[in-house]
Amino acid sequence: MKKQTILPAKYLTGAVEPPGDKSISHRYAMLAAMAEGTSELRHFAAAADCHSTLDCMKALGAGVEVDKDNVKVTGRGAEGLKGSWRALDAGNSGTTIRLLTGILAGQAFTSKLTGDASLQKRPMGRVVSPLRQMGADIRAREDNFAPLEIRPAKLRAIHYKMPMPSAQVKSALLLAGLFAEGLTSVIEPARTRDHTELALEEFGIDVQKHGSSIQIRGSGGNGGRLQARSLDVPGDISSAVFFIAAASMFPDSNLLIHNVGLNPTRTAILDVFASMGAAIKVVALRSAHGEVVGDLSVKGTSLKGGIVEKEQIPLVIDELPMLAALGPYTEEGIEIRDAAELRVKESDRIAALAENLRRMGATVDERPDGLRVEGRKAGRLRGAEIDPRGDHRIAMAFAVAGLAAEGTTTIRDADCAGVSYPKFYEDLERVAER
Ligand code: S3P
């Protein structure tokens, strides 16, 4: 496994463009595979996770042609998926397995779904249980983990009040709702990303929103009619955040980040940065297929730090590793509360952050649902050997932290960044001035 060396930098300069958004790419790939005709998906995520989705859709009978970040997906309608004799492999991707479980629950064939060692440890009960209420026939290891076996079933619509804010659970139910008889509604306890709703509408399916309730009318076994589309995927703000953080750490930075998806359910991280005193400007705002896109200009400043908690958490869930790793470079430190969910991501992110921050000399208080990382007064970080525990966002967060540390940082198993951003280290090196 490749080790990546990170040397201290003076500042960040130039321009970078993050890969296509992971969440949107998964959804476009799945819906295109259930649409009639060929969809063209431009700037499709380079992320290994989204290629796991493409492989699964191909195994389910869709035509998939990949030419760099240009992907063509040919579907034969929502009723056109075919059973795969091989188990479908979601790799490291929670979004792939949870959303596909929703789609497969209403099919007329049996499917097996599995993933890598990390994915097999992540809870699936959160989708299995409401899907069973819809009539799905799903078996899971220990009733909660992959591999999953999904047998044919006739689904009925339910009204489901989600016990936790999760875009993946919401999406699995809306996708199952496509195949159910009646009106499926999902009520969110807090706002989460709405890419499934927007993508369904883009492919021609009516989705209603009333307050915190999202509704879809299925046509009881014929899945609604999805039309093939030609779509541009915006850049991933959750990947851009590593560059926002890195540029913000150095007073002399001046970085342009092109083509960033700015869907309001994803931009809470920009508000968090703004509240800490970051100098981020949105330039050239435009819209693309229901999604908002813009370029970001980031200058270096002195970050204040602060507390991130409550309903902010689901809106910045993927950015929390980077925020925590920035803590030692802020005035007051960073505290994350109400985020126990971080323990069941690609790794136990609270434990991984605490361990690696301490390796670099930070003062950290690890808590069941978050952590407190002391700011600059606790001393400058030193380069160290980082164990990302196979988790892409931990690897990238510490590569950024290493830029402003004293001495060399080494990221073990650095290739795991490819789960969301295969060219991350290359792009970071290009804009880091030494
Ligand atoms: C995602 C939803 C979030 C997020 C994940 C992607 C999605 O997960 O952490 O990286 O694309 O729907 P949860 O729904 O489990 O919060």
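Counting starts at 1 for both ligands and their atoms, in listed order.
When the options G94, S23, S93, S166 are ranked by their closest heavy atom to atom 14 (O) of ligand 1, first place goes to S166.
For the side-chain contact (heavy atoms from CB on, under 4.5 Å) test with L255, the passing option among I244, L296, V16 is V16; the others fail. Under the side-chain hydrogen bond (donor to acceptor under 3.5 Å, both in side chains) rule, S238 has a single partner from K22, R266, R393, which is R266. Only one option out of L323, I307, V272 pairs with I334 in a side-chain contact (heavy atoms from CB on, under 4.5 Å); it is L323.
Among all non-hydrogen protein atoms, the one lying nearest atom 16 (O) of ligand 1 is K345 NZ, 3.5 Å. Atom 12 (O) of ligand 1 has its closest protein heavy atom at R27 NH2, 2.6 Å. Looking only at heavy atoms of the protein, atom 2 (C) of ligand 1 is closest to Q168 CG, 3.7 Å.
The neighbour count for K68 NZ, taken as heavy atoms of other residues, nucleotides or ligands under 6.0 Å away, does not exceed 12.
Residue contacts with ligand 1: K170 is excluded, as none of its non-hydrogen atoms falls under 4.0 Å. Within the structure, the closest approach of M164 to ligand 1 does not fall below 4.0 Å when heavy atoms are considered.
Residues Y28 and H195 place their aromatic rings such that the two centres sit no closer than 6.0 Å.
Residue M162 does not touch ligand 1, judged by heavy-atom distances below 4.0 Å. Residue contacts with ligand 1, taken as heavy atom pairs separated by less than 4.0 Å, involve R193 solely via side-chain atoms from C-beta onward.
Ligand-side atoms of ligand 1 in range of D318: 4 (C), 5 (C), 9 (O), 10 (O), range being under 4.0 angstrom from any heavy atom.
Taking 4.5 Å as the limit, every side-chain heavy atom of R122 sits out of range of all side-chain heavy atoms of Q120.
In terms of the ring-ring contact (aromatic ring centres under 6.0 Å, His included) criterion, residue partners of F424 (sequence neighbours excluded) are, by chain and number, F242, F243, Y421.
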